[in-house]
There are 2 protein chains.
Amino acid sequence: MTLTADQKRQAAQTHYAEGLGLCPARQLLEAISSKWVTLVMLDLADGALRHSELRRRIPGASQKMLTSTLRSLERDGLVTRLLTLSVPVRTDYELTPLGHSLLGVIHGMKEWADDNMDQVEEARGDYDSRRSSAG
Amino acid sequence: MTLTADQKRQAAQTHYAEGLGLCPARQLLEAISSKWVTLVMLDLADGALRHSELRRRIPGASQKMLTSTLRSLERDGLVTRLLTLSVPVRTDYELTPLGHSLLGVIHGMKEWADDNMDQVEEARGDYDSRRSSAG
DNA sequence: CTGTATCCTCTAAGATACTG
DNA sequence: CAGTATCTTAGAGGATACAG
């Protein structure tokens, strides 16, 4: 069978997008852009914390989201999980060396944001007002 | 009226999450984690490009996504759009100084990813095999 | 205390078709 | 060539209830 131009283009797009998913930088971006990842890592920067302590520090995260965030961090080798089988149970989370090194990148982003996001805000305001008025 | 403990907790979570949305670092993360943003910015690093040229370089992005990515970059003051009313029309996109400075952060992420994502990959493999086997 | 299972909502991303 | 409008879908995030 022959493909139409549209079908060929779409196949090329799909192929490219699949390759993109394997790109290291893309994977990193997807890992750290999930909503609570950076907050958890920043809280763990100074040492291990219990699950309940993390909940206290990040009240916006539901229990489910906190657990799933920690699971993916553990899976990625960025955080270790230490389970103590007492009554009641106790779990401690701690950054791995790899996690600590990633913290450097996160701080870089945070710094740029603190220095420049007000400019971005301003640009957004300008753009939006140009849109709504006589444009 | 009185609130249950659950209702109070949830109100606190909502309030916290709203504040989080205003955090500069969070906003930055949301801006650059959208799928095509970094690719577009990297392609514009060496100079202005036309819309059609960007499409050629990033075949995975549909026309709609490329346009909407460029719009949000323009709105954020990271990219300028120059429209030339010839026949056919021509538009050129170029990084602003602010956009160039953000490129530094992006390169930092890319570098960390190139250096360390193989370790992450390995950790994922280990974690998954531990899950599937005797655990 | 910590973690799982279920159900629900909202939106980013994509497919498609059309206009100046 | 560049852009817009509409429809659909997959998945992240959240609410709730339950379990070891």
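Note that this is a predicted model, so its numbers are computed, not measured. Letters A, B, ... mirror the listed sequences (proteins, then strands); counts begin at 1.
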Inset, instruction - Establish, with yes or no, whether the OP1 or OP2 oxygen of D:dA2 is under 4.0 angstrom from a side-chain nitrogen or oxygen of B:R50. - result: yes

Inset, instruction - Work out which heavy atom in A:I32 is nearest to a heavy atom in A:T38; give both atom names and the distance. - result: O-CG2, 3.8 Å

Legend entry - d(CD, A:E30; P, D:dG11) in whole Å: 12 Å

Inset, instruction - Check whether any side-chain N or O of B:R90 sits under 4.0 Å from OP1 or OP2 of D:dA2, and answer yes or no. - result: no

Legend entry - Atom CD of B:E122: over 12 foreign heavy atoms under 6.0 Å: no

Inset, instruction - Would you give the length of the straight line joining atom CG of B:L22 to atom CD of B:E18, rounded to the nearest 0.5 angstrom? - result: 9.0 Å

Inset, instruction - For B:L29 and C:dA12, give me the distance from atom CG to atom P, rounded to whole Å. - result: 15 Å

Legend entry - Nearest-angstrom distance from the residue atom CZ of A:R56 to C1' of C:dT2: 17 Å

N/O donor-acceptor pairs under 3.5 Å from side chains in residues 95-105 of chain A, not counting sequence neighbours:
| residue | atom | partner | partner atom | Å |
| --- | --- | --- | --- | --- |
| A:T96 | OG1 | A:G77 | O | 2.7 |
| A:T96 | OG1 | A:L78 | O | 3.3 |
| A:T96 | OG1 | A:L98 | N | 3.4 |
| A:T96 | OG1 | A:G99 | N | 3.0 |
| A:S101 | OG | A:L98 | O | 3.0 |
| A:S101 | OG | B:W112 | NE1 | 2.9 |

Legend entry - Remaining members of hydrophobic cluster (4.5 Å side-chain criterion), B:V89: B:L83, B:L85

Legend entry - NZ/NE/NH1/NH2 to OD/OE distance under 4.0 Å, A:D92 and A:R90: yes

Inset, instruction - Please determine, for the side chain of A:T67, which listed nucleotide (D:dC1, C:dG3, D:dG3) has the closest atom? - result: C:dG3

Below 3.5 Å between N/O atoms, which protein atoms pair up with nucleotides 18-20 of chain C? Just atom names and distances, please.
none

Legend entry - Side chains of B:L20 and A:K35 in contact at under 4.5 Å (non-hydrogen atoms): yes

Inset, instruction - Could you tell me whether A:D128 and A:R124 have a side-chain N and a carboxylate O separated by less than 4.0 Å? - result: no

Inset, instruction - With sequence neighbours excluded, tell me which residues meet side chain to side chain contact (heavy atoms under 4.5 Å, CB included) with A:R56. - result: A:E53

Inset, instruction - May I have the distance from B:L66 (atom CG) to C:dA12 (atom C1'), rounded to whole angstrom? - result: 16 Å

Pull out every protein N or O sitting under 3.5 Å from an N or O of nucleotides 13-15 of chain D, one pair per line with the distance.
| residue | atom | partner | partner atom | Å |
| --- | --- | --- | --- | --- |
| D:dG13 | OP1 | A:K35 | N | 3.0 |
| D:dG14 | OP1 | A:K35 | NZ | 2.6 |
| D:dG14 | OP2 | A:W36 | NE1 | 3.1 |
| D:dG14 | N7 | A:K64 | NZ | 2.8 |
| D:dG14 | O6 | A:K64 | NZ | 2.2 |

Inset, instruction - Examine D:dG3: is either OP1 or OP2 under 4.0 Å from a nitrogen or oxygen in the side chain of B:R71? Give yes or no. - result: yes

Inset, instruction - Would you tell me if any nitrogen or oxygen in the side chain of A:S86 comes within less than 4.0 Å of OP1 or OP2 on C:dC1? - result: no

Legend entry - Gap separating the CD atom of B:Q119 from the CG atom of A:D76, nearest 0.5 angstrom: 12.0 Å

Legend entry - Interatomic distance where CG belongs to B:L70 and C1' belongs to D:dG3 [whole Å]: 11 Å

Legend entry - Validation row: A:W36, A:L66 side chains within 4.5 angstrom (heavy atoms): no

Inset, instruction - Might you work through the side chain to side chain contact (heavy atoms under 4.5 Å, CB included) test for B:L28 and A:V120, ending with a clear yes or no? - result: CA-CA 9 Å; B:L28 172 61; A:V120 171; over 6 Å; no

Legend entry - side-chain N/O B:Y93 vs D:dG3 OP1/OP2, d < 4.0 Å: yes

Legend entry - Residue whose closest nucleotide on DNA chain C lies nearer the 5' end, A:R9 versus A:R55: A:R55

Legend entry - Residues from residues 75-85 of chain B lying under 4.0 Å of DNA chain C - heavy atoms: none

